[in-house]
Structure formats: structure tokens, C-alpha cells
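Take a look at the structure set out below.
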Amino acid sequence: MAVTPGTDDLADLNSTLAWANGSEANVAVTLPLFEAAIMAWKVASPVIILLGTIGNTLIIVVLYRSKVMSSNMTSYFLTIAVSDLMNLLVSITCMWLKQQFDIQVWTLHEALCKMTTWLNYTSNAMSTWTLVVMVTQRTLSILFPHRSLGNELLETSLISTPALREVGEPASWADL
């Protein structure tokens, strides 16, 4: 069964490719490859959304039930699981709805557009900055293994300040 991409899909891809090349010329797209990419997106996205939602939900449940809930690493893993779940449910789901059913969530209402944009930026920034904090804390614990962990909260808060700033004031805040 062949998938015929709509003219909107080809026009969007051609304009994107022309913009990336720095020209306004119409860029020829190989249709079989484009059809395969559209079909893969339509089929793989629901599977990724379903498995990602189940996996992140299980991580949250297991970490909340574990007895090591007071550990900083547990808090970091919970933060990453929640931000990845937000990213799955907002970003990937919206893109899949656009490809599968031609529903552009951000055009339904202005508030929905602003909310999805903010959630997308927030989830991506929090996931990234949480990983930075985790790696920095682990590096410090390896470099200074016999140091007292009393200043761990202060160090973590100093490191995570840029993350809070990024979430509070994303670079594209004016675009919202």
C-alpha cells in the first residue's frame, strides 16, 4: 500500500529544505523516501508514545515506592521521568496528530498554543539541566570522595540556578 503525501506535506518540506539551503528554489524531494518517512512517523510515533508513557510511569511508581526516596539521585531521576513524559505527551503527540490526522493543536486556541509551546520548552530544558546537575554532582563526588556531604544542597542549588532561569525565562518568551 503506497502512501501519497499531500501537497501540503511536500510544500512544507520543500520550503524547509529551501530555507536550509539558503535559496528560494524548489528543492526536488524523492517521493519514495519521503513516503517511507511519513509512514514510519505515522506508525512509530504511537508506539514510542505508548512505550515511553508506560516506561516513565513505571519509573515514577517504582521510585516513589522505593525506600531511597531521600536520595538526590532519586529526585533527579523523578525529574527526568516527569520531563520526558511531558515531552512525549506534548511535543511528540502534537506532531503525530499533525501528521496522522492533520490536526494542528497549536492552531485550535491561542491559550493552547502558548501552553504547548511553554511545556515543550520547559520539559526539554528541565531534562537537559537535570542531567547537567546529575553529572556535575557525580563528578564532584568522584573528585572529592572523602568530603562531607553537608554542602551538597548548596552546590546543587548553585548549579541548578541556570536551569531555573531557563525555565522561568525561555529565550523565545517574547514569541509566546
Please give me the minimum heavy-atom distance between Pro46 and Val43, naming the atom from each residue.
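Of all heavy-atom pairs spanning Pro46 and Val43, the closest is CD-O, 3.3 Å.
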
Looking only at heavy atoms, which two atoms of Tyr76 and Thr130 are closest? And how far apart?
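For Tyr76 versus Thr130, the nearest heavy atoms are O-CG2, 3.5 Å.
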
If hydrophobic clusters are built by linking Ile, Leu, Val, Met, Phe, Trp and Tyr wherever their side-chain heavy atoms come under 4.5 Å apart, do [X] and [Y] end up in the same one?
{"X": "Met73", "Y": "Val133", "value": "yes"}
{"X": "Leu85", "Y": "Tyr64", "value": "yes"}
{"X": "Phe77", "Y": "Val135", "value": "no"}

Which residues pass the side chain to side chain contact (heavy atoms under 4.5 Å, CB included) test with Ile54, sequence neighbours left out?
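For Ile54, the residues satisfying side chain to side chain contact (heavy atoms under 4.5 Å, CB included) (neighbours in sequence not counted) are Leu50, Leu58.
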
Taking atom [atom1] of [X] and atom [atom2] of [Y], what is their separation to the nearest 0.5 Å?
{"X": "Ser91", "Y": "Asn124", "atom1": "OG", "atom2": "CG", "result": "6.5 Å"}
{"X": "His109", "Y": "Lys114", "atom1": "NE2", "atom2": "NZ", "result": "10.5 Å"}
{"X": "Asn87", "Y": "Tyr121", "atom1": "CG", "atom2": "OH", "result": "12.5 Å"}
{"X": "Arg65", "Y": "Ile60", "atom1": "CZ", "atom2": "CD1", "result": "13.0 Å"}
{"X": "Thr116", "Y": "Gln104", "atom1": "OG1", "atom2": "CD", "result": "11.5 Å"}
{"X": "Ile59", "Y": "Ile80", "atom1": "CD1", "atom2": "CD1", "result": "9.5 Å"}

Residue pairs passing the ring-ring contact (aromatic ring centres under 6.0 Å, His included) test where at least one lies in residues 78-97, sequence neighbours excluded
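The answer is Trp96-Phe101.
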
Can you confirm whether [X] sits close enough to [Y] that some side-chain heavy atom of one is under 4.5 Å from a side-chain heavy atom of the other?
{"X": "Met134", "Y": "Leu131", "answer": "yes"}
{"X": "Leu112", "Y": "Met115", "answer": "yes"}
{"X": "Leu88", "Y": "Thr93", "answer": "no"}

Tell me, please, which residues at least two apart from Ser127 pass side chain to side chain donor-acceptor pair (under 3.5 Å).
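Partners of Ser127 by the side chain to side chain donor-acceptor pair (under 3.5 Å) criterion, ordered by chain and then number, come out as Asp84.
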
Look at the side chain of Ser45 and the backbone N and O of Lys42, then say whether any donor-acceptor pair between them is shorter than 3.5 Å.
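Flag not set: sc Ser45 to bb Lys42 has no pair under 3.5 Å.
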
